[in-house]
Amino acid sequence: MKANVTYWLDETADRLPDKVAFADEKKEITFSALRAQAMALATRMLERGLFKKPVVVYLEKGVDVLVSFMGAAYSCNFYSPIDIEMPASRVNKILEVLQPALVVTTAELKTVFEQYDYHGEYLLFGEAAAMPADEQIVDAARARGIDTDLLYVLFTSGSTGVPKGVTINHRSVIDYIDWVTETFDITEEDSFGNQAPFYFDNSILDIYSTIKSGATTYIIPKNLFAQPVPLLEYLKEKKINTIFWVPSALIVVAKLKAFRNVDLSDTLHRVLFCGEVMPNRQLNIWRKFLPDVLYANLYGPTEITDACTYYIVDREFGDDEPLPIGIPMANTDILVLNDKNEPVAGDEVGELCVRGTSLSMGYYNNPEKTREAFVQNPLNPCVPETIYRTGDLVKYNDHGEIVYLSRKDFQIKHMGHRIELGEIETAVSSLEEISLCCCLYDEKHQKIVLFIEEELDKSYINERISKLVPEYMLPNKVIMLDKMPINANGKIDRVKLKECL
Ligand code: AMP
């Protein structure tokens, strides 16, 4: 039985030592080199006495990040990637929650990181990966690890302004990737085109399917996602046959009808997507140009290791029909519960809750938020059993498939990014000029709209809060009001504000 994802890498490196595992714009790495470098990093971590400790990976997106992830996994530590473009104040909030024991970075990036609230140890990637590994030390550590030890912590937006660290253990990833590779028949013949940032849960599918099956993942340069024709040319040139992207990325390609310029019918076999609603209007364009491709809508939050339901597109849909999120994955139970915590009947709307191995162990160092979302299964009064309440409202259609409807709260998906509107409001409220503010999402125009009472323009506000929140959270529109509408409970009247959109 495997208790650590790195046993997959051992097997694949033995079987396909010289095959390219991962490639970015600057370099590529074979499975044997990936294993050797990761073992070297793991050795350095263990020599420093680190075991089951949080390790931050602070590197530009690329192959080295993945080597570092594997280094942490081999040594039975757990990794947490921090985006090098993240504003300092948010990095500091993450550091406060995570209290890392080590930061893997480069000499150049170390000088940036030294400005943050961290005074611990560093491991410089280049030097550490080139040093010899001590496999005995690593094997001894792995033998002590168990499958419920953490593999990683991914931080997501938190409504109070403090990011939440979603913890995931080895067993959850092993379970999920076994399902992915079996369901989509992933083998060493396959090539992935990675879009997802490594701090986003969708990347788990690309990374670990590759390591398990011996496929190859090309890390697509970010700028190509704004240029659909070169993007499709890239897929063709690299012979990428499988993509797992957020719908926003697929929509850009569909809107500009880039397929007219590049024929991918002999190249692309699988188009998988997850992370937000995929509108049929755009999916139908993909289906028209590439009718023989397998399309699958995966659904799930970071808290359940990426995805928990799926729908393999098997029939025609009108442009205005919703695409189902489908049925539970293997070894996963979905409970759709109404307000009384009872299973819904017929097409009643309820909250999607998840039970199974895929569940996170909770938010790192945050028992309060953990207790809110990870709760006792109300249908099982007999033994302790946790379910995760996603906050997503869904219903069953006539085919017995689940259909996503909306959120229960103020969490949104904007250009594929998960955002708590409260986190933006907290940042805006910190400006001394602001007395009251409210953020809403204009779904139709895909805009984050900020309501304020002061005469301040968007560029001023965005410049100030860009030090607090990532660029994708900056409001796209600012509406100035004489007076913020207040409801009977004395709260900002969001319903009234919605009418202004
Ligand atoms: P994240 O944790 O970033 O993966 O975001 C999870 C949230 O994204 C879910 O709770 C849903 O609200 C939304 N989501 C994920 N996949 C889908 C999907 N296939 N269709 C609609 N919404 C989705």
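For reference, positions follow the sequence shown, starting with 1. Any value given below was found using the heavy atoms of this structure, including those in side chains, with hydrogens, waters and symmetry copies removed. As the structure lists them, so they are numbered: ligands from 1, and atoms in each ligand from 1.
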query: Would a distance-only check, ignoring hydrogens and angles, find a side-chain to backbone donor-acceptor pair under 3.5 Å from Thr332 to Ala330?
result: yes
field: Option nearest atom 13 (C) of ligand 1 (shortest heavy-atom distance, choices Pro324, Gly275, Gly326)
entry: Gly275
field: For Gly300, atoms of ligand 1 separated by under 4.0 Å from a heavy atom
entry: 4 (O), 6 (C), 15 (C), 16 (N)
field: Contacting atoms of ligand 1, where contact means under 4.0 angstrom from a heavy atom of Thr302
entry: 1 (P), 2 (O), 3 (O), 4 (O)
Qualifying residue for side-chain contact (heavy atoms from CB on, under 4.5 Å) with Arg389, from Leu337, Leu352, Val354: Leu337
message: For His414 and Tyr441, I'd like to know if the aromatic rings sit close, meaning centre-to-centre distance below 6.0 Å.
response: yes
query: Between Phe200 and ligand 1, is there a nitrogen or oxygen pair with a distance under 3.5 Å?
result: no
- prompt: Considering only the protein, which heavy-atom contact is closest to atom 12 (O) of ligand 1, and what is its distance?
  reply: Asp392 OD1, 2.7 Å
query: Picking from Lys408, Gln411, Arg407, what satisfies side chain to side chain donor-acceptor pair (under 3.5 Å) with Asp392?
result: Arg407
message: Tell me if the CZ atom of Arg281 is crowded by more than 12 foreign heavy atoms within 6.0 Å.
response: no
field: Cation-pi geometry met for Lys369 and Tyr363 (6.0 Å, 45°)
entry: no
message: Please verify the inter-ring angle class for Tyr116 with Phe113; under 30° counts as parallel, over 60° as perpendicular, anything in between as tilted.
response: perpendicular
message: Within the structure, is a non-hydrogen atom of Thr156 found at a distance of less than 4.0 Å from ligand 1?
response: no
- request: Distance to 0.1 Å, residue and atom name: give those for the protein heavy atom nearest to atom 18 (C) of ligand 1.
  value: Glu276 O, 3.3 Å
Nitrogen or oxygen of Ile325 less than 3.5 angstrom from that of ligand 1: no
Option with minimal heavy-atom separation from atom 7 (C) of ligand 1, where the choices are Lys164, Gln411, Lys408: Gln411
task: Could you list the atoms of ligand 1 found under 4.0 angstrom from a heavy atom of Asp201?
output: 4 (O)
message: Both conditions, 6.0 Å and 45 degrees, for the charged tip of Arg90 above the ring of Phe155: are they met here?
response: no
CD/Glu342: more than 12 non-hydrogen atoms of other groups inside 6.0 Å: yes
field: Partner of Trp245 by ring-ring contact (aromatic ring centres under 6.0 Å, His included), out of Phe200, Phe273, Phe225
entry: Phe225
query: How does Arg407 reach ligand 1, by side chain, by backbone, by both or by neither, if only non-hydrogen atoms under 4.0 Å count?
result: side chain
task: Would you mind telling me if ligand 1 is within reach of the side chain of Asp306, the backbone, both or neither, using heavy atoms under 4.0 Å?
output: neither
- prompt: Parallel, tilted or perpendicular: which describes the rings of Tyr404 and Tyr299, with under 30° parallel and over 60° perpendicular?
  reply: tilted
message: I need the contact type for Tyr404 against ligand 1. Using non-hydrogen atoms and a strict under-4.0 Å cut-off, is it side chain, backbone, both or neither?
response: side chain
message: Quick check: Thr390 and ligand 1, any N/O pair under 3.5 Å apart?
response: no
message: With a cutoff of 4.0 Å, is Leu298 in contact with ligand 1, counting heavy atoms of the residue only?
response: yes
message: Pairs of nitrogen or oxygen atoms closer than 3.5 Å, one from Lys413 and one from ligand 1: do any exist?
response: yes
query: Is the distance between the ring centroids of Phe184 and Phe244 under 6.0 Å?
result: no
query: Of all the non-hydrogen atoms in the protein, which one sits nearest to atom 6 (C) of ligand 1, and at what distance?
result: Pro301 CA, 3.4 Å
task: List every atom of ligand 1 that sits less than 4.0 Å from any heavy atom of Val277, numbering the atoms from 1 in the order shown and giving each element.
output: 20 (N), 21 (C), 22 (N)
message: When you compare ligand 1 with Glu303, is there at least one nitrogen or oxygen pair between them that comes in under 3.5 angstrom?
response: no
